[in-house]
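Before any comments, here is the structure.
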Amino acid sequence: MQGRRLSRKFFVRSTLAVARELLGKVLVRKIGPTSPRLRRARQKIIRVMIIETEAYCGPRDLASHASQGPAWPAGRRTKRTEIMFGPPGLAYVYLIYGMYYCLNIVTEAEGYPAAVLIRAVSVKRLGHNKNSNSHNSLNAKPYTLNASLNGPGKLCRFLKIDKALNGEDMIKSSRLWIEDGEKLKPAQIGRAKRIGVDYAGSYKHKLWRFFIRSKS
DNA sequence: CGCGGGATTGACT
DNA sequence: GTCAATCCCGCGT
């Protein structure tokens, strides 16, 4: 049940297009020891579907970590934001408020600081047999945490994503990548202002958050 | 070196 | 709606 991994080309495009098209795609996290001896027994793979994203569109975007730097308009290039200037497809992971991590994927041409924040995901499938309403009710709900994956900090905690994955190349990584997923119709996609960027002047009004409308 | 603040979350009034 | 937790980063000194 695995899809085709997204190539680097997918990310070398307008950040808004990438943010929109990441909706419905499958974020994959492989967790476990890298030592070959322990790998087989203890590795596990988690697949979740991306349902909400935000675009951070380069050096002029006052909401972006890479904006407003001394080198404007080239962008604020610091130790922290360096990854955003790197090749598209890299993971940009940062610590926020001292306690949560946020996962972004770098977009556009190398040297241009832009990225898409993954704001929410849903569990794509259960980690075991779907029809488990029989005898084994304990195993029936490992991923009922569906609702708790709405938020960038929460999904990183669930997927065990932290600073160690900052700079991970999601095109080649064996720990974190993205696969093809659902093809969405335009009507399924919603747009809104980004969250938590009131400091961003006129850029706080941009409708650069994208989400899958819940079915009603 | 010190200080202010944050692409959040959960608890609480 | 308000607020605090918690710590790294960016910048001024």
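Note that these values count all heavy atoms, side chains included, but never hydrogens, waters or copies made by symmetry. Proteins get letters first, then strands, A, B, ... in listed order; numbering begins at 1 in each.
Protein chain A touches strand DNA chain B; the 5'-most and 3'-most nucleotides with an atom under 4.0 angstrom of its non-hydrogen atoms are B:dG6 to B:dG10.
For the pair A:A55 and A:D61, the tightest heavy-atom approach, listed with the atom from each and the gap, is O-OD2, 4.1 Å.
Protein atom OH of A:Y94 is 16 Å distant from nucleotide atom C1' of C:dT6, rounded to whole Å. Rounded to an integer number of Å, the gap from A:M99 CE to C:dC8 P is 12 Å. In this structure, the OH atom of A:Y100 is 16 Å from the P atom of C:dA4, given to the nearest Å.
Using a 4.5 Å cut-off on side-chain heavy atoms (C-beta onward), A:I46 and A:I31 make contact. Side-chain contact between A:K160 and A:R29 is present, with heavy atoms from C-beta onward closer than 4.5 Å.
In this structure, A:E168 pairs ionically with A:R175, as a charged nitrogen and a carboxylate oxygen lie closer than 4.0 Å.
Contact annotation for A:R194: no contact, since no heavy-atom pair falls under 4.0 Å across all strands. Within the 4.0 angstrom heavy-atom criterion, only backbone atoms of the sugar-phosphate kind lie near A:L95; the bases stay farther away.
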In a table with atom names and distances, give each donor-acceptor pair under 3.5 Å that connects a side chain of residues 85-99 of chain A to protein atoms at least two apart or in another chain.
{"from": "A:Y92", "atom 1": "OH", "to": "A:H65", "atom 2": "ND1", "distance (Å)": "2.7"}

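At least one cation-pi condition fails for A:R8 and A:F10: the charged atom is not both under 6.0 angstrom from the six-membered ring centre and inside a 45 degree cone around its axis.
Remark: A:K163 is in phosphate contact with C:dC9, judged by side-chain N or O atoms under 4.0 Å from OP1 or OP2. Residue A:R76 has no polar side-chain atom (N or O) positioned under 4.0 Å from OP1 or OP2 of C:dC9.
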Quiz item: Reading DNA chain B 5' to 3', how would its secondary structure be written in dot-bracket notation, given Watson-Crick and G-U pairs with both distances under 3.5 Å, brackets [ ] for crossing pairs and | for partners on other strands?
Solution: ||||||.|||||.

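Donor-acceptor pairing under 3.5 Å is recorded for the side chains of A:Y56 and A:E54.
Between the side chain of A:R209 and the main chain of A:K193, a donor-acceptor pair closer than 3.5 Å is present.
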